[in-house]
Amino acid sequence: GGPALLSRFRGALVGAVLGDCVGGEFEGAEEVPLERVLQHLSALEREERGEGILQYSDDTAMTRCVVQSLLTRGVFDQQDLARRFAEEYRSAPGRGYGSGVVQVLQKLASPRLSDVFQPARAQFGGRGSFGNGGAMRSAPFALAFSDPAQVKKYSRLGAMLTHYCSLGYNGAVLQALAVHLALQGALEVPQAFINSLISEMEDIEAEDQAFSDARALNEPEFPFCTRLRRVKEFMERSSVSIEEVTSELGNGIAALHSVPTAIFCVLHCLEPQPGLPDCYGGFERTVAYCLALGGDTDTIACMAGAIAGAHYGIEAVPPAWQRWCEGAEEAEVWAEHLHQLYLRS
Ligand code: 8NA
Ligand code: MG
Ligand code: MG
């Protein structure tokens, strides 16, 4: 049942781009009244928009690099991907990159660089970045590889090119796994979906590097599992406030404070929610809810958009919204090519 696999692929990639473009409006805002979110979204329904096209940010710019590298090389190629990140940053540095990652992107441009992971390893006094910049671009790994072992392996390596801290790259693995499961229709049974993610992360976080990174950052052991269990508690409650979500799951630029949050947004919006228009389907609810959280809205909506798009399929993504998003049309074409690669993998 549910949408066809190709529709899910298109939904995932278009959903990611749309979340980034539409979410950019509120990036960094501390509080976003739901009314403002709904105004912003209803303006997309108009034939004419004085504000014009919504441009994509670093989230989509880097996602496009991952897609193009996978499609061109047909395999994961870290040298090729590193070169594309560097070239993308050189040609469009104003896409809203995190303040730390730009150093990595500049170093990756050096033709003398032999170890492409070295610049990421040197970040933040050798601890590596825990930002969500690896996770925001990890959906394509779920679209290129059907084998979950490969999804995990390559989403991790792909993130490590800029995010060498386990709290950065494990967030990318979690995001890719959520898209991987959603493509398979796993969100039809929400409890089983969250349980699968928890059990995957129990394995992934059981390594010395993850233990020492968590300790250094004053986080509990198994930090992603801990947050996912909180997601599960929220799912079991009859109502959860925006304040509880932002204070307990987070809405920040750390992967730990945004990937479990994006997953929660998708789960929470499977059902109609008070305050959101009745005419909204699940995809629209998810995007609106992400924006209402404030904080890193473009990235949370990008990640939730990818998961929701994989679940509901492209038919659930409003064409009126897509029309105003830079890069949405191309994303649809690339999703079809990734689908071919996935079927061959
Ligand atoms: P990043 O790797 O530069 O990390 C983002 C930030 O997190 C850094 O600038 C640091 O402040 C902090 N950080 C990360 N790791 C460490 C560490 N080990 N020790 C201390 N501080 C650390 O960038 P990224 O690629 O992860 O990007 C993350 C987000 O920044 C994305 O959402 C992206 O869109 C961008 N961004 C966010 C905002 C916003 O207001 N939310 C604004 C502009 C850009
Ligand atoms: Mg961004
Ligand atoms: Mg962001």
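Order of listing sets the numbers, starting from 1, for every ligand and every atom in it.
Using a 4.5 Å cut-off on side-chain heavy atoms (C-beta onward), E236 and Q191 make contact.
Taking every heavy atom of both residues into account, F130 and H163 meet most closely at C-CD2, 4.4 Å. Scanning all heavy atoms of the two residues, the minimum distance from L161 to A82 falls at CD1-N, 4.0 Å. Closest approach of L113 and K107 over heavy atoms only: CD2-O, 3.9 Å. Of all heavy-atom pairs between V245 and F234, the closest is CA-CE1, 4.1 Å. Annotation for T72 and Q68: closest pair OG1-O, 2.6 Å, computed over non-hydrogen atoms. Considering every non-hydrogen atom in both P190 and L270, the closest pair reads CG-CD1, 3.6 Å.
When the heavy atoms of E27, H163, M136 are ranked by distance to atom 43 (C) of ligand 1, first place goes to E27. Remark: among candidates S258, G98, C302, the nearest residue to atom 23 (O) of ligand 1 is G98, based on non-hydrogen atoms. The closest non-hydrogen atom to atom 13 (N) of ligand 1, taken over F130, Y164, F26, comes from F130. The closest non-hydrogen atom to atom 40 (O) of ligand 1, taken over G295, G134, G28, comes from G28.
The distance from ligand 1 to the heavy atoms of G133 drops below 4.0 Å at these ligand atoms: 24 (P), 25 (O), 26 (O). Listed by atom number, the atoms of ligand 1 under 4.0 Å from D59 heavy atoms are 34 (O). Near D298, meaning under 4.0 Å from one of its heavy atoms, ligand 1 places the atoms 34 (O). Every atom of ligand 1 with a heavy atom of T299 under 4.0 Å away is listed here by number and element: 31 (C), 32 (O), 34 (O).
Looking only at heavy atoms of the protein, atom 32 (O) of ligand 1 is closest to D296 OD2, 2.4 Å. Looking only at protein heavy atoms, the nearest one to atom 3 (O) of ligand 1 is G100 N, 2.8 Å. Counting only heavy atoms of the protein, atom 31 (C) of ligand 1 lies nearest to N132 OD1, 3.3 Å. If you check which protein heavy atom lies closest to atom 33 (C) of ligand 1, you get D58 OD2, 2.9 Å.
Within the coordination shell of the Mg ion (ligand 2), defined by N, O or S atoms under 2.8 Å, D58 is present. When distances to the Mg ion (ligand 2) are checked against a cut-off of 2.8 Å, D296 contributes no N, O or S atom below that limit. Here D20 fails the criterion, with no N, O or S atom under 2.8 Å of the Mg ion (ligand 2). Not one N/O/S atom of T60, from backbone or side chain, sits under 2.8 Å from the Mg ion (ligand 2). Inclusion of N132 in the first shell of the Mg ion (ligand 3) is not supported: no N, O or S atom falls under 2.8 Å.
For ligand 1, none of its N or O atoms has an N or O atom of S57 under 3.5 Å away. Looking at ligand 1, you won't find any N or O of I253 less than 3.5 Å from one of its N or O atoms. For ligand 1, the polar-atom distance check finds an N/O of G128 within less than 3.5 Å of one of the ligand's N/O atoms. Residue F124 has no nitrogen or oxygen atom sitting less than 3.5 Å from a nitrogen or oxygen atom of ligand 1, judged on distance alone. Between S129 and ligand 1, a contact under 3.5 Å exists for at least one N or O pair.
Using a 4.0 Å heavy-atom cutoff, S99 is listed among the residues neighbouring ligand 1. Residue contacts with ligand 1: G96 is included, with a non-hydrogen atom under 4.0 Å away.
In this structure, F283 has its ring center no closer than 6.0 Å to that of H311. Note: F145 and Y342 fail the aromatic proximity criterion, with ring centroids not under 6.0 Å apart. Between Y289 and H268, the ring centre distance stays below 6.0 Å.
The atom of E27 nearest to the Mg ion (ligand 3) is OE2, with the search restricted to N, O or S atoms. The nearest N/O/S atom of D59 to the Mg ion (ligand 2) is OD1. Looking only at N/O/S atoms, D298 comes nearest to the Mg ion (ligand 2) through OD2.
Atom CD of residue E336 and atom CD of residue E332 lie 6.5 Å apart, to the nearest 0.5 angstrom.
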Practice prompt. Start with the C-alpha gap between R230 and L249, add the side-chain angles, then the distance that decides, and say whether side-chain contact (heavy atoms from CB on, under 4.5 Å) holds.
Written response: CA-CA 8 Å; R230 206 159 301 156; L249 297 177; 4.0 Å; yes

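Stacking of R95 on the aromatic ring of Y56 is recorded, both the 6.0 Å distance cut-off and the 45° axial limit being met. The cationic group of R121 lies under 6.0 Å from the six-membered ring centre of Y164 and within 45° of the ring axis, placing it in a cation-pi geometry.
Comment: R64 engages E330 in a salt bridge, judged by a side-chain N to carboxylate O separation of less than 4.0 angstrom. Remark: R90 engages E87 in a salt bridge, criterion side-chain N to carboxylate O under 4.0 Å.
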